[in-house]
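Given the structure is predicted, the values throughout are model-derived calculations rather than measurements. Below, chain A is the first sequence line, B the second, and so on; all start at residue 1.
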Number of protein chains: 2
Amino acid sequence: MGRTATIEDGELVARLTEAFRNLGYEGATLALLAEATGLQKASLYHRFPGGKDQMAREVLESAQSWIEEHILRPLKGPGDPAARIAAMTHRLEELYDGGRQPCLLNVLASGRNLEGPFAAEIKGMFQAWIAALAAVAVDAGLDKKAARLRAERFVALLEGSLVVARGMGTLQPFRDFLKSAPAELL
Amino acid sequence: MGRTATIEDGELVARLTEAFRNLGYEGATLALLAEATGLQKASLYHRFPGGKDQMAREVLESAQSWIEEHILRPLKGPGDPAARIAAMTHRLEELYDGGRQPCLLNVLASGRNLEGPFAAEIKGMFQAWIAALAAVAVDAGLDKKAARLRAERFVALLEGSLVVARGMGTLQPFRDFLKSAPAELL
DNA sequence: GTCTATAGGAAGATAGAC
DNA sequence: GTCTATCTTCCTATAGAC
């Protein structure tokens, strides 16, 4: 190892993810992103020729992959509904670091990004998540319409508990949500 | 009316509010704020010598006053719990323009503002709102602990339904929330 | 693949005329 | 009280050495 910084691709995206989540898209300046990753601005541009926009895009795609693999796939998989919900809540705690980390979808849906390039991907992620949750609720015996409503409400509760937790400076709302998660959906 | 722009104080703050809600604190540049208000940047500085920070602060204080007067006071006031909830939901529809406008608390709690000057005020507003809702739930017969949980969950649902509505590009989640509001709290 | 250095422009903020 | 013009700083992005 020479004196120049180096960083693996996965770790790089992870650090950028945390920065975007906590600073927002406009708040995440290249100077701050460089500081967060340990690289210089020019090095970031070497890996992301498209600049900040590309960084956020890859961060979002990375989150999408993680969610599909660790959240949606187990949700769709075998096992009784309660067990699948339990598996998801365990992963949610991980994904949001117990309520300490905001949701990337909420952060990137703010500001001018709405008309921008993230809108379609964000919409798709919400839809996929809600559809997977609704399927579980149907498996548990709810009719289609009720299941859909429960699923949408569940995602809203998740997002809202993170907002309230951040705004109030306490993790309790997110913990309470995780605790009540099975009852909320089924 | 001469050729120079002019604007009443209330209308000025209203336009700034809309701008901050839709652009975020960092996304709301002075150029955009000038465009939103019809004033030049220098004119904004004449009314807000503290710059953008002061604008956001006054916007937040204005929202606080509105909420205290139109949401919390009726919530604490006389009448049976169901009627008070109904009065609030009517005002919520107005406050968030049927789900079209994000919550200022969510927007301003993002980014670097958390450690910043808005944190205390945001926290206080969430606390006051939750306390008022919990009091209604207690009036409706719930015990203190259950009422508190319901109130917190109610605010989370409100915030989350706005997030999901924005992210999915449809007002339905917020509408569904308003519809289910009484049942959620009581 | 990372760095230093810098270009070019937009950001927040101010000066001073009217 | 609003304007035009300008200052300084910061931001995004690039050039080019190693």
Side-chain angles (χ1 to χ4, degrees), chain A residues 1-60 107-108 110-113 115-118, chain B residues 1-60 107-108 110-113 115-118:
Chain A
M1 289 267 287
R3 63 180 179 74
T4 59
T6 180
I7 183 170
E8 186 217 349
D9 253 37
E11 180 67 16
L12 176 58
V13 173
R15 304 244 184 123
L16 290 176
T17 301
E18 188 180 352
F20 278 117
R21 287 168 88 170
N22 286 292
L23 300 167
Y25 183 80
E26 347 273 344
T29 69
L30 282 167
L32 289 170
L33 294 173
E35 186 188 339
T37 57
L39 294 178
Q40 297 296 327
K41 286 185 277 183
S43 303
L44 284 174
Y45 274 95
H46 176 76
R47 299 216 190 176
F48 303 95
K52 211 167 101 167
D53 188 88
Q54 186 184 350
M55 296 183 213
R57 179 174 313 282
E58 291 198 20
V59 159
L60 192 54
V107 169
L108 290 184
S110 291
R112 231 148 21 295
N113 310 307
E115 311 111 36
F118 308 130
Chain B
M1 288 267 287
R3 60 181 182 76
T4 60
T6 180
I7 184 170
E8 185 217 350
D9 252 38
E11 180 66 16
L12 175 58
V13 172
R15 304 241 185 129
L16 290 176
T17 301
E18 188 181 351
F20 278 117
R21 286 168 89 171
N22 287 291
L23 299 167
Y25 182 80
E26 347 273 344
T29 68
L30 282 167
L32 289 170
L33 293 173
E35 187 188 340
T37 56
L39 295 177
Q40 297 296 327
K41 285 186 280 183
S43 303
L44 285 174
Y45 274 93
H46 176 76
R47 298 216 191 177
F48 304 95
K52 211 168 101 168
D53 188 87
Q54 185 183 352
M55 296 182 213
R57 180 175 313 282
E58 291 198 21
V59 159
L60 192 54
V107 168
L108 289 185
S110 290
R112 231 149 20 297
N113 310 308
E115 310 112 34
F118 308 129

Exercise. Is there side-chain contact between B:Glu26 and A:Tyr25, with heavy atoms separated by less than 4.5 Å?
Worked result: no

Please state how far atom [atom1] in [X] lies from atom [atom2] in [N], giving the value in whole angstrom units.
{"X": "B:Phe48", "N": "C:dT14", "atom1": "CZ", "atom2": "P", "answer": "15 Å"}
{"X": "B:Leu39", "N": "D:dT2", "atom1": "CG", "atom2": "P", "answer": "5 Å"}
{"X": "A:Met55", "N": "D:dC11", "atom1": "CE", "atom2": "C1'", "answer": "12 Å"}
{"X": "A:Leu33", "N": "D:dC10", "atom1": "CG", "atom2": "P", "answer": "17 Å"}
{"X": "A:Glu26", "N": "C:dA10", "atom1": "CD", "atom2": "C1'", "answer": "14 Å"}
{"X": "B:Leu44", "N": "D:dT4", "atom1": "CG", "atom2": "C1'", "answer": "15 Å"}

Problem set entry | Rounded distance [0.5 Å steps], CZ in A:Phe48 versus CZ in A:Arg57 | 12.5 Å

Problem set entry | A:Met55 CE to A:Leu60 CG distance, which is reported to the nearest 0.5 Å | 15.0 Å

Problem set entry | Sugar-phosphate only, base, or nothing, as touched by B:Ser43 at under 4.0 Å among non-hydrogen atoms | base

Problem set entry | side-chain contact (heavy atoms from CB on, under 4.5 Å) between A:Ile7 and A:Arg47, intermediate numbers included | CA-CA 11 Å; A:Ile7 183 170; A:Arg47 299 216 190 176; 3.9 Å; yes

Out of [options], which has the shortest distance to the side chain of [X]?
{"X": "A:Ala31", "options": "D:dC11, D:dC3, C:dC3", "result": "D:dC11"}
{"X": "B:Thr29", "options": "D:dC11, C:dA11, C:dC3", "result": "C:dA11"}
{"X": "A:Gln40", "options": "C:dC3, D:dG1, C:dG1", "result": "C:dC3"}

For this session: Verify the contact: side-chain N or O of B:Thr6 to OP1 or OP2 of D:dT2, cut-off strictly under 4.0 Å; return yes or no.
Result: yes

Exercise. Along nucleotides 13-18 of chain D, 5' to 3', which nucleotides get a B, which get an S, and which get a -, given that the test is a protein heavy-atom distance under 4.0 Å?
Worked result: BBB---

Donor-acceptor contacts, no H, no angles, side chain residues 35-46 of chain B, under 3.5 Å, sequence neighbours left out:
from	atom 1	to	atom 2	distance (Å)
B:Thr37	OG1	B:Leu33	O	2.9
B:Thr37	OG1	B:Ala34	O	3.2
B:Thr37	OG1	B:Leu39	N	3.3

